[in-house]
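For reference, positions follow the sequence shown, starting with 1. Because only heavy atoms are used, hydrogens play no part in the values below, and waters and symmetry mates are left out as well, while side chains stay in. Worth saying up front: this structure is predicted, and the values here are computed from it rather than measured.
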Amino acid sequence: MLSGGRHLPPGNSEIIEWYDPDRFLSGVELYKSGKAENLIFTGGINPYFPEIPPEGDLYKKEALSIGIPKDDLYTTSPVLNTEQEARAIKKLFNSMFNKKRPKIILVTSAFHMQRAKKLFERKNITVYPYPVDFKSQKVNSYSIFLNPLNWAPNAMHLNNSSIAIRELLGRLFYKTWN
């Protein structure tokens, strides 16, 4: 599971909140259903918030709390981006599992899957994509016109535009556009 789901709330709280638990919950479901032998969490860090531990450590702690055996849980070294996540997963497979051509179920957000899949495949990893956290939803074609709130600017739509622009820039940077 790729990182990208924890943040600090406002104020002086010691709590680290879920931004979106879809990746974690889907990975756990894949494990519990027998589709995955292990759970590997990437150690995503945010250089702007050094007080937050690597996400892999947080996810591992959470998995242990719900009964996933410690021997089935792995985390990578700290990483900053998807390319580093792919490199860290490859290194983990080479050292821990002695596999040169690993096969993984890649759990990440749907909008991010195309770029992530290509970056992992470039590391000679066979990827079975498992997209989650879809940013769109089924909408009746007429409902967009009937609801006047669909035409008013709001923070959610601005945030969605920001996420889309960041993903497009990532695809251009890593040349994973196709």
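Taking CG of N81 as the reference point, atom CG of L2 lies at 11.0 Å (rounded to 0.5 Å). Here I68 contributes atom CD1 and L39 contributes atom CG; the two are 6.0 Å apart, rounded to the nearest 0.5 Å. Rounding to the nearest 0.5 Å gives a distance of 8.5 Å between OG1 of T108 and CZ of F120. Once rounded to the nearest 0.5 Å, the distance linking CD of E29 with NZ of K35 reads 7.5 Å. Between the CZ atom in R101 and the CG atom in N124 there is a gap of 4.0 Å [rounded to 0.5 Å]. Residue R87 holds its CZ atom at 5.5 Å from NZ of K123, rounded to the nearest 0.5 Å.
Hydrophobic clustering keeps I163 apart from Y174 (ILVMFWY residues linked when any side-chain heavy atoms are closer than 4.5 Å, directly or through intermediates). By the rule that hydrophobic residues join a cluster once side-chain heavy atoms approach within less than 4.5 Å of another member, L106 and L92 end up as members of one cluster. Side-chain heavy atoms closer than 4.5 Å link hydrophobic residues (I, L, V, M, F, W, Y) into clusters, and following such links, possibly through other members, connects I66 to M1. By the rule that hydrophobic residues join a cluster once side-chain heavy atoms approach within less than 4.5 Å of another member, V28 and L64 end up as members of one cluster. No continuous path of hydrophobic side-chain contacts links L119 to M113 [ILVMFWY only; heavy atoms under 4.5 Å].
Between Y31 and S26 the shortest side-chain heavy-atom distance does not fall below 4.5 Å. Side-chain contact between V127 and P129 is present, with at least one heavy-atom pair separated by less than 4.5 Å.
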(Q) Set out, in order, the CA-CA distance, both residues' side-chain angles and the distance that settles side chain to side chain contact (heavy atoms under 4.5 Å, CB included) for I40 and F93, then state yes or no. (A) CA-CA 10 Å; I40 301 173; F93 268 95; 3.6 Å; yes
ask   = For V107 and V132, what are the C-alpha separation, side-chain angles and deciding distance, and is it a side chain to side chain contact (heavy atoms under 4.5 Å, CB included)?
value = CA-CA 7 Å; V107 180; V132 298; 4.3 Å; yes
| query | Would T75 and D57 count as a side chain to side chain contact (heavy atoms under 4.5 Å, CB included) if you check the C-alpha gap in whole Å, the side-chain angles of each, and the deciding distance to 0.1 Å? | reply | CA-CA 7 Å; T75 59; D57 295 348; 4.0 Å; yes
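Between F41 and Y59, the ring planes are tilted. Angles from 30° to 60° get that label.
Using a cutoff of 4.0 Å between basic side-chain nitrogens and carboxylate oxygens, R122 and E83 are not scored as salt-bridged.
Between the side chains of T42 and T76, no donor-acceptor pair of N or O atoms lies under 3.5 Å.
Checking N38, T126, I125 one by one against I104, the side chain to side chain contact (heavy atoms under 4.5 Å, CB included) holds for a single residue, I125.
Considering all non-hydrogen atoms of both residues, G170 and T176 come closest at O-OG1, 4.5 Å. Of all heavy-atom pairs spanning A36 and I105, the tightest one is CB-CD1, 4.5 Å. Taking both residues in full, the closest heavy atoms of D133 and S109 are given as OD2-OG, 3.0 Å, listed atom of the first, atom of the second, then distance. The minimum heavy-atom distance linking P102 with K90 is given by the pair CD-NZ, 3.8 Å. E62 approaches F24 most closely through the heavy-atom pair CG-CZ, 3.6 Å. The two residues P54 and G43 have their closest heavy-atom pair at CB-O, 3.8 Å.
In this structure, the side chain of S162 does not engage the main chain of L158 through any donor-acceptor pair within 3.5 Å. No donor-acceptor distance shorter than 3.5 angstrom exists from the side chain of R171 to the backbone of R115, with no hydrogens or angles considered. A donor-acceptor pair under 3.5 Å links the side-chain atoms of S3 to the main chain of G44, judged by distance alone. Between the side chain of Q84 and the backbone N or O of L80, at least one donor-acceptor pair lies under 3.5 Å.
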